Engineer: 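Have a look at the structure that comes next, please.
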Amino acid sequence: MSKTETILELRDLALKLGGKNILQNINASFESGIVHAVVGPNGAGKSTLASVLMGLPDFRYIEGDILFEGKSIKKLDTDKRAKLGITLGWQEPARFDGISIRDFLKASAKDKAEENLEKALDAVGLSPKNYLNRDCDKTLSGGERKRVEIASILVMEPKLTLLDEPDSGIDVEALDKMFEVMQMLKQKGSSVILITHSLQVLKQSERALLMCHGGIRDSGSSEKISSYFHDKCMPCDLKYAAEQGIPYDR
Amino acid sequence: MTDKKTARHGAPSALDELLSSINKTADELHDKHTAHLVVHHNKVLGSHLVPGLKLDVEEIKDGIRAVIRIEENAVIKNPVQICFGMLPEKGTQKIIMDVGCGRNSKISIIAHCSFPNAIDISHIMEAVINIEDGAEYRYFERHVHGESGGTKVYPKAKVNLKKGARFATEFELVKGRVGLIDIDYETTCGEDSSLEMTARISGYADDIIKINETGHLTGKNSRGFLNSRIAVRDTARAEIFNKLTASAPGARGHVDCKEIVQDKAVASAIPVVEVSHPQARITHEAAIGSVDSKQLQTLMARGLSEKDAVALIIKGLLK
C-alpha cells in the first residue's frame with residue numbers, strides 16, 4: 001500500500017492508565033476512503049482506542065505514534081485533530097441544555113448555510129422544520145440524539161470519522177439511516193472507523209481489526225474477521241479456556 | 001399619569017443615549033398600542049399608556065415611586081416596555097413600585113435596566129406586587145451594565161398571589177459586568193396559583209452574585225418553580241439561596257440550580273425545601289461544577305477551540 005492511500009497509521013501504540021496496560025503493541029494502517037471496523041468484546045479496548053485517536057484528555061499520554069496523513073498527531077489536542085479532519089461520534093452523545101440543534105450543527109459545520117444544516121438533518125431522517133429549533137437536550141430520545149450526532153458529523157465534512165457503537169440505543173429504522181450515512185461519508189471521500197461488537201455493524205465495513213485485551217488479535221477483510229469473531233468471541237474462547245483450565249491455542 | 005411625549009429631535013439626548021444602550025430608538029416606542037415608561041435617574045423622560053393600564057409616577061430624590069394598576073379583566077396585549085437607567089458614572093437610582101393586578105387581568109412587562117457607564121452606581125428596586133384572582137403578571141428584567149464592575153443592583157420584591165393568579169419573573173444580564181447583583185424576592189402563593197422565578201447571570205473578575213428567592217405555597221394546588229442558571233469565572237462569587245415551602249394539599253414545587261464554575265471562582269447553592277402537608281411535594285436539583293467534560297470534548301471533536309466550546313456551553317446554560 002502506498003503512503004498516499006493510508007490515512008491513519010498506528011505505530012507500536014500503547015497506553016497505560018493507573019499502572020495498567022490498557023492498549024499495547026498496536027500496529028495498524030487504515031486506508032483512505034473506505035469503511036473500517038474495530039471489533040471485539042466488551043473491555044477489549046475499542047472505545048479507548050477511539051479516545052486515544054481523538055486525543056481526549058485522559059488518553060493523551062501514549063507510547064508509540066499516531067500518524068494522520070503521514071504526520072504525527074500524538075501531541076495535538078482534540079480540537080487541533082478535528083481541524084485536521086478527524087472526528088468522533090460518541091456511543092452516548094452529550095446533551096446540551098439551551099443549545100438548539102441549529103446552533104449545535106452550526107458549531108460543527110464547515111459550511112454553516114441553513115440549507116446545509118437542513119440537508120444533514122434530512123439525511124439522518126429528521127425533519128428540519130421540526131428539529132432545527134429544538135434544543136439538543138434531554139427532550140430528545142436516545143435515537144433522535146444519535147441522529148443529530150451523525151448530522152453534526154455530516155456537516156463537518158471530516159476526512160476520518162470514528163463512530164463508537166453506532167447501533168447503540170437506536171431502532172432498526174435509525175440504524176438503516178446510519179448505514180446510509182456511512183456510505184454518504186464514504187462517497188464524499190471520508191474514511192470511517194466503526195467501533196463495535198455487533199456483527200450487523202461489522203458487516204458494513206470492508207476491512208476490520210479484531211481487538212482483545214488491549215491488543216490486536218487479527219486483521220483483514222470484514223468477512224474473515226466476522227467469521228472469527230462469531231466463532232471464537234461469542235462466547236469468548238479464551239475466557240472459557242481459562243475458566244476450564246484448558247490450554248488454549250487460537 | 002398622562003402620556004409624556006417620548007420623541008426627541010436634534011442633538012442626542014439622555015433619552016436617545018439610554019435607549020441606544022438597550023438597542024432601541026425613540027421611534028420604536030411610537031406604537032400607540034404598546035405602553036412604555038422611560039426613567040433616567042429620577043426623571044421621567046417619556047411614557048405612554050394603553051387602556052386598562054394606570055400609572056402614577058412621583059419623582060423622588062434619587063429615583064421614582066411608581067404605582068401601577070392593571071384594571072380588572074384588562075388584558076394588555078403587547079408587553080409594556082420599561083427602561084430604568086442612569087448615564088452618569090456615579091449615583092443612585094431607587095425605584096419604588098407598587099403593582100396591583102386586578103382580577104383576571106393580564107400584563108407582561110419587559111424592564112430594561114441600563115447603566116452603561118457605571119463606575120459606582122447603585123440601582124435599588126423595592127416592589128410590592130399584588131396579583132388578584134385569575135390575574136397574570138410577567139416581569140422580565142433585562143440588564144445592561146458597564147464593563148467596570150461598578151454597578152450594584154438590589155432588586156427586592158414581595159409578591160402576593162391570590163386564587164388562580166400567575167406570576168413569572170426572569171432576571172437576565174444581557175451585557176456588561178455584573179458588579180454586584182443581590183436579588184431578594186419573596187412570594188406567597190394562594191390556591192391554584194403559580195409562581196416561576198428564573199435568573200440567568202454570568203459573572204467574571206470579582207463580580208458577586210447573590211440570589212435569595214423564597215416561595216411559600218400556602219394555597220391548595222399551588223405551584224412553584226425557582227430556577228437559577230449561573231456561570232462564574234476568574235474570582236467571581238455566586239451565592240444562591242432558594243427556598244420553597246409547601247403547606248397545602250396538592251401544592252407542588254421544584255427548585256433547580258445549575259452553576260458552572262471556572263478558574264478560582266466560587267459558587268454555592270443552598271436549596272431549602274420545607275413541606276408541612278402530607279399531600280404536598282417539592283423536589284430540588286442542584287448541580288455545581290466545571291463545564292461538563294463530555295459536552296466540551298464533543299464540541300472540541302467538531303473543531304471548536306476549548307474557549308469557544310466553553311462559551312457555547314455557557315450560552316446554552318444561560319439561554
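As a basis for the values below, the full set of heavy atoms in this structure was taken, side chains included, without hydrogen atoms, waters or symmetry mates. These numbers were taken from a predicted model, which means no experiment stands behind them. Throughout, a chain's letter reflects where its sequence line sits, starting with A, and its residues are numbered from 1.
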Engineer: More than 12 non-hydrogen atoms from neighbouring residues, nucleotides or ligands closer than 6.0 Å to NZ on K264(B), yes or no?
Structural biologist: no
Engineer: Quick one: which residues of residues 115-142 of chain A reach chain B at under 4.5 angstrom, heavy atoms only?
Structural biologist: D135(A), K138(A)
Engineer: Just checking R237(B): does its CZ atom have more than 12 heavy atoms from other residues, nucleotides or ligands closer to it than 6.0 angstrom?
Structural biologist: no
Engineer: Is it the case that more than 12 heavy atoms not belonging to K210(B) sit under 6.0 Å from its NZ atom?
Structural biologist: no
Engineer: What residues of residues 78-87 of chain A make heavy-atom contacts with chain B at a cutoff under 4.5 angstrom?
Structural biologist: T78(A), D79(A), A82(A), K83(A), I86(A), T87(A)
Engineer: So does K152(B) have more than 12 non-hydrogen atoms from other groups sitting under 6.0 Å from NZ?
Structural biologist: yes
Engineer: Can you tell me if CD on E306(B) sees more than 12 non-hydrogen neighbours from other groups inside 6.0 Å?
Structural biologist: no
Engineer: Would you say NZ of K319(B) has more than 12 non-hydrogen atoms from neighbouring residues, nucleotides or ligands within 6.0 angstrom?
Structural biologist: yes
Engineer: More than 12 non-hydrogen atoms from neighbouring residues, nucleotides or ligands closer than 6.0 Å to NZ on K106(B), yes or no?
Structural biologist: no
Engineer: Show the nearest heavy-atom pair for residues A107(A) and L312(B), with the distance to one decimal.
Structural biologist: CB-CD2, 3.8 Å
Engineer: Between I313(B) and I99(A), what is the shortest heavy-atom contact and its length?
Structural biologist: CA-CD1, 4.1 Å
Engineer: Using non-hydrogen atoms and a limit below 4.5 Å, what part of residues 150-157 of chain A faces chain B?
Structural biologist: S152(A), I153(A), M156(A)
Engineer: Measuring only between side-chain heavy atoms, which start at C-beta, is K258(B) closer than 4.5 Å to D97(A)?
Structural biologist: yes
Engineer: Heavy-atom pairs under 4.5 Å with chain B are the metric here; pick the option from P57(A), G89(A), A94(A), P93(A) that has the most.
Structural biologist: A94(A)
Engineer: Return yes when atom CZ of R102(A) has more than 12 non-hydrogen atoms of other residues, nucleotides or ligands closer than 6.0 Å, and no otherwise.
Structural biologist: yes
Engineer: Which residues in residues 289-302 of chain B have a heavy atom less than 4.5 Å from any heavy atom of chain A?
Structural biologist: K294(B), Q295(B), Q297(B), T298(B), L299(B), M300(B), A301(B), R302(B)
Engineer: Counting only non-hydrogen atoms closer than 4.5 Å, does L317(B) touch chain A with its backbone (N, CA, C, O), its side chain (CB onward), both, or neither?
Structural biologist: backbone
